[in-house]
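Quick notes on the structure that follows.
Letters A, B, ... mirror the listed sequences (proteins, then strands); counts begin at 1.
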There are 2 protein chains.
Amino acid sequence: MAETVNIKRLAQELNISIATVSKALNDSYEISLKTKNRVWTLAKELNYTPNPAASNLRSHKTKTVAVVIPCVANNFFSLSIKGIEEIARQYGYHVLIYQTHENIEAEVAFTNSLLSGRVDGILTSVSSSEYNSEYYTNLVKKIPLVFFDRVYENLDAVKVTTDDYEIAFEATVHLIECGCTKIAYLYGLENLPAGKARFAGYADALKAHQLEVSEQLVVKYSDDEETNLQQIKTLLQVHQPDALFSSIEEFIIPAYCACKELCLQIPSAVKILSFSNLSTAPLLNPSLTTITQPAFEIGREAAKCLFKILHNKQLDDEQNIVLKSMLIKRDSTAC
Amino acid sequence: MAETVNIKRLAQELNISIATVSKALNDSYEISLKTKNRVWTLAKELNYTPNPAASNLRSHKTKTVAVVIPCVANNFFSLSIKGIEEIARQYGYHVLIYQTHENIEAEVAFTNSLLSGRVDGILTSVSSSEYNSEYYTNLVKKIPLVFFDRVYENLDAVKVTTDDYEIAFEATVHLIECGCTKIAYLYGLENLPAGKARFAGYADALKAHQLEVSEQLVVKYSDDEETNLQQIKTLLQVHQPDALFSSIEEFIIPAYCACKELCLQIPSAVKILSFSNLSTAPLLNPSLTTITQPAFEIGREAAKCLFKILHNKQLDDEQNIVLKSMLIKRDSTAC
């Protein structure tokens, strides 16, 4: 008859205490990942079956977290997912991705479907189509949840964001210093704190330099690519701005195409800069000045916070983590 | 006391037969989606609870499918996911995405975790790091599965691919017709049928035009970006090819950067073309000639096949669906 495989046996084989094995099996934060991996590996090898009480303690562990985001085609999100995956891999977790395409119904329906024990936690960047903080106020009570980039401000939850206001201010000053006096704004995420902060940074920089903030110079984002192109063309033709400040990556292609179609040279006739993590920004014609968010780091930080919550660790003052973005000057804003 | 909500009641309210309601609740292929939606909507409204037997019949329905792919940052995959989601939405299904990053262990571990009833079916584009058809031979017996783009050839499963050989041949002929005689090849996916077919198309086109196929003109893809850049720079310096044929999108940035660093003008000194769904291809400096795969359509077709399988419909001769790619000539190969 084979020897019974219990916690005592595991402790003997690994030459560690029974308490340590028990804690490791319960995924306690007091035990290092290295030790946990040793315990889990041996437990698996020896076909260790926990007693019902111990099993219950770990029954919610799916070893999976979900990332709920608007769209993977946006380079910010594909990069932040990479950051999340790096941390998840260290903990032996899988990362599921779900795209909401800014559809709040899909977002809510899918997120609800995760509550039945499908995943251990959620990382999310909320939809911009509707400001829906009530739903999340309830949700954060039901499942470990960390918000990144696109957040709801008044929630009692961990939020990882960037310095949207400050960097938008800095970028606008850069355009002004290059001689621009009529800077148009391509407005995305207008229902979200991030979008509002970016616009406020732009508007305040104009005011600080005695330039007018004009509604006529603002184009609002549409889901329809053709509409964005036409709106920008009309803006360029009717109001002749000397710069386009794009608050989201999705405006880059229509902005470049509009200039091309109207034979407006970038940067001599119109300067362009954009919030973006586009990997081809340096190769565009001309290369694009970007406000580059630390997308990979945002993903890493958000995931670190989630795993701290999952392992019952203290989060200290980390409820709001704000990372710095960077203005990378290229030919599209050359003076 | 509220009236009992059973199948009979649903049938009466909807003015359809009990058999139809029963089949609709069991998601039978004999019933139109429209009717199913009517039945499901009413059943939900009236809080209909199926009896255990009927419930069992549908207990495997998670209304979720998984897409297992190498990487969402690749534009081909983000577009094909969009196509999959369009079809899934029509059936009221959620789409989960999982990135393998070409790691066969992660791919297998995650896919196995799906077998416990987490999803109803899988759409996958396999990893290129290792050719692992045994695993999939078993897997297709356990869960509805459709392969797209990156497939294993000898499996008894539905495969949606493109005309890799033909389009690579055509693209190579285009370079030859532009006067190129020393066409280098940037080789990706070499362990997969798609990668081999692309290389064969290139090699056969050279041979058909009495040009030599030289190993010295072939650079193989590395996970490390810096290595790719250095390899291409060495290739350009040592062997001075007059064109670069890139078989995957990931070579575009290092190829452009290598030319820039070596002050080689594109297209006068070196012409470049690449397999790619890069949305910024027309805006690059110079605009990039691409072999553009019908990524969105591939996703749609693959999803349509999966839902046919899920609804027990006949698949006819659709085991192998081959869609056509397109050569889009731009400035990077201008004669």
Exercise. Is it the case that T62(A) and R118(B) place a side-chain donor and acceptor less than 3.5 Å from each other?
Worked result: no
For this session: Could you grab the distance from atom CD of E85(B) to atom SG of C71(A), nearest 0.5 Å is fine?
Result: 8.5 Å
Exercise. Between I253(A), V67(A), L288(A), I252(A), which residue shows the highest count of heavy-atom pairs closer than 4.5 Å to chain B?
Worked result: I253(A)
Exercise. Between A106(B) and chain A, which part of the residue has a heavy atom less than 4.5 Å away: side chain, backbone, both or neither?
Worked result: backbone
For this session: Return yes when atom CD of Q90(B) has more than 12 non-hydrogen atoms of other residues, nucleotides or ligands closer than 6.0 Å, and no otherwise.
Result: yes
Seminar exercise, completed: Heavy-atom nearest pair, I97(A) first then V72(B), reads CD1-CG1, 4.5 Å
For this session: Measure V95(B) against the heavy atoms of chain A and call it side chain, backbone, both or neither at under 4.5 Å.
Result: backbone
Problem set entry | Rounded distance (nearest 0.5 Å) linking atom CG of N285(B) with atom CG of L283(A) | 8.5 Å
For this session: Would you indicate whether E261(B), at its atom CD, is surrounded by more than 12 heavy atoms from other residues, nucleotides or ligands within a distance under 6.0 Å?
Result: yes
For this session: Specify which of R89(A), K260(A), K82(A), H101(A) makes the most heavy-atom pairs with chain B at under 4.5 Å.
Result: H101(A)
Seminar exercise, completed: Value for OG (S279(B)) from CD (E250(A)), rounded to nearest 0.5 Å, stands at 10.0 Å
Exercise. Checking P282(A) against chain B: side chain, backbone, both or neither under 4.5 Å from a heavy atom?
Worked result: backbone
Seminar exercise, completed: What one should report as the nearest heavy-atom pair of L278(B) and T280(A) is CD2-CG2, 3.8 Å
Problem set entry | Partner chain A: residue of N74(B), L79(B), I81(B), L96(B) with the largest heavy-atom pair count (under 4.5 Å) | L96(B)
